[in-house]
Amino acid sequence: MIARDSYAICRPRGAERLSSMIEGFKRWRYRRQVRLYIAVLLYPDKERKVRHTLRDDVERWMNEGRPRGWSPQTVAVMTMAGSLIHVVRNDLTLLQRERYVEQLRDRAPQDVMAELDWLTRVKDGAGSDMEPFVFRFTFMNAMQASWLLRDQTIDIFTKGAFVTAVSWALTGVGLEEIYVKVSELADRIGTDPKAQR
């Protein structure tokens, strides 16, 4: 009788421990997927940059997006949006920002279909006439076009938040205004039934 009562007491704790382990594994797998997709966006940079430079941003967006059903690709995109805002505001001069805006207008694809086409031509030298930041931003946009149209793992609000955040930072829009707009778009992520599969 005592043994049976002891088992009854211990069983819920064991179930809670198992549940906690399963949740921990799911979180670890999700984080690993997010890092993989960030590495894709950062190609050809090394994955260790993800682990160190972006670790806190990954956790922040994971904590916000995973409970809301965001795909790992969505978390990766939002993480990189914040990272590029930081680069624009802290590492680029006004002259660089102006030059990059001009290059994006004149050399970068201007819609998602053109971005998909550009992505298929990267190995053949597409973007070789761009400066590194412009190429990186264009490559990330093109990869998101693929995730949006082909894989349907992000939605238009995810891509919109990324483009808005970085382009507004380049053109000198205030940080608070950027965050307000990005937050508005982030709140709409997942409302498109065609995405987040």
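Minimum heavy-atom separation, Ala142 to Leu119: O-CD2, 3.8 Å. Among all heavy-atom pairs drawn from Arg188 and Asp155, the shortest one is O-OD2, 4.1 Å. The minimum heavy-atom distance linking Arg89 with Leu175 is given by the pair CD-CD1, 3.5 Å. Closest of all the heavy-atom pairs between Val58 and Val75 is O-CG1, 4.4 Å. For the residue pair Leu104 and Ala108, the shortest heavy atom distance occurs at O-CB, 3.2 Å. Heavy-atom minimum distance, Lys26 versus Arg66: CB-NH2, 3.4 Å.
Two residues are said to be in side-chain contact when any heavy atoms from C-beta on lie closer than 4.5 Å; Gln96 and Arg99 meet this criterion. Side-chain contact between Leu170 and Leu92 is present, with at least one heavy-atom pair separated by less than 4.5 Å. Within the 4.5 Å cutoff, the side chain of Met80 has heavy atoms near those of the Leu54 side chain. Two residues are said to be in side-chain contact when any heavy atoms from C-beta on lie closer than 4.5 Å; Ser146 and Leu116 meet this criterion. Side chains of Arg107 and Val134 form no contact here, defined as non-hydrogen atoms less than 4.5 Å apart. Here the side chains of Leu41 and Thr79 are not in contact, with every heavy-atom distance at 4.5 Å or above.
With sequence neighbours left out, the side chain to side chain contact (heavy atoms under 4.5 Å, CB included) criterion links Arg60 to no other residue.
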Salt bridge (Lys or Arg N to Asp or Glu O under 4.0 Å) assessment of Arg97 paired with Glu131: CA-CA 11 Å; Arg97 294 199 299 270; Glu131 295 192 56; over 6 Å; no
Full working for side chain to side chain contact (heavy atoms under 4.5 Å, CB included) between Met140 and Val166: CA-CA 11 Å; Met140 289 183 179; Val166 182; over 6 Å; no
Full working for side chain to side chain contact (heavy atoms under 4.5 Å, CB included) between Leu95 and Glu98: CA-CA 5 Å; Leu95 289 177; Glu98 291 174 347; 3.9 Å; yes
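One finds the CZ atom of Arg35 at 13.0 Å from the CG atom of Leu42 (value rounded to the nearest 0.5 Å). In this structure, NZ in Lys159 is found 11.5 Å from CH2 in Trp147, a value given to the nearest 0.5 Å. In this structure, Gln144 CD and Ile156 CD1 are separated by 9.5 Å, a value rounded to the nearest 0.5 Å. Atom-to-atom distance recorded for Phe157:CZ and Ile189:CD1 is 9.0 Å, nearest 0.5 angstrom. A distance of 10.0 Å separates CD of Gln73 from OG1 of Thr158, quoted to the nearest 0.5 Å. In this structure, CE in Met78 is found 7.0 Å from CD in Glu64, a value given to the nearest 0.5 Å.
Classification of Glu115 and Arg121 as a salt-bridged pair fails, no side-chain N sitting under 4.0 Å from a carboxylate O. Between Asp187 and Arg68, at least one side-chain N (NZ, or NE/NH1/NH2) sits under 4.0 Å from a carboxylate O, which counts as a salt bridge. For the pair Arg27 and Glu59, the salt-bridge criterion is met [side-chain N within less than 4.0 Å of a carboxylate O].
Within 6.0 Å of the CD atom in Glu176, the count of heavy atoms belonging to other residues, nucleotides or ligands does not exceed 12.
Residue pairs meeting the ring-ring contact (aromatic ring centres under 6.0 Å, His included) criterion with at least one partner in residues 95-122, sequence neighbours excluded, are Tyr100-Phe133, Trp118-Phe135. The list of ring-ring contact (aromatic ring centres under 6.0 Å, His included) pairs with a residue in residues 162-183, not counting sequence neighbours, reads Phe137-Phe162.
Judged by distance alone, with hydrogens and angles left aside, the side-chain atoms of Thr74 form no donor-acceptor pair with the main-chain N or O of Trp70 at under 3.5 Å.
Side-chain contact annotation: Arg136 with Asn141, donor-acceptor N/O pair under 3.5 Å absent.
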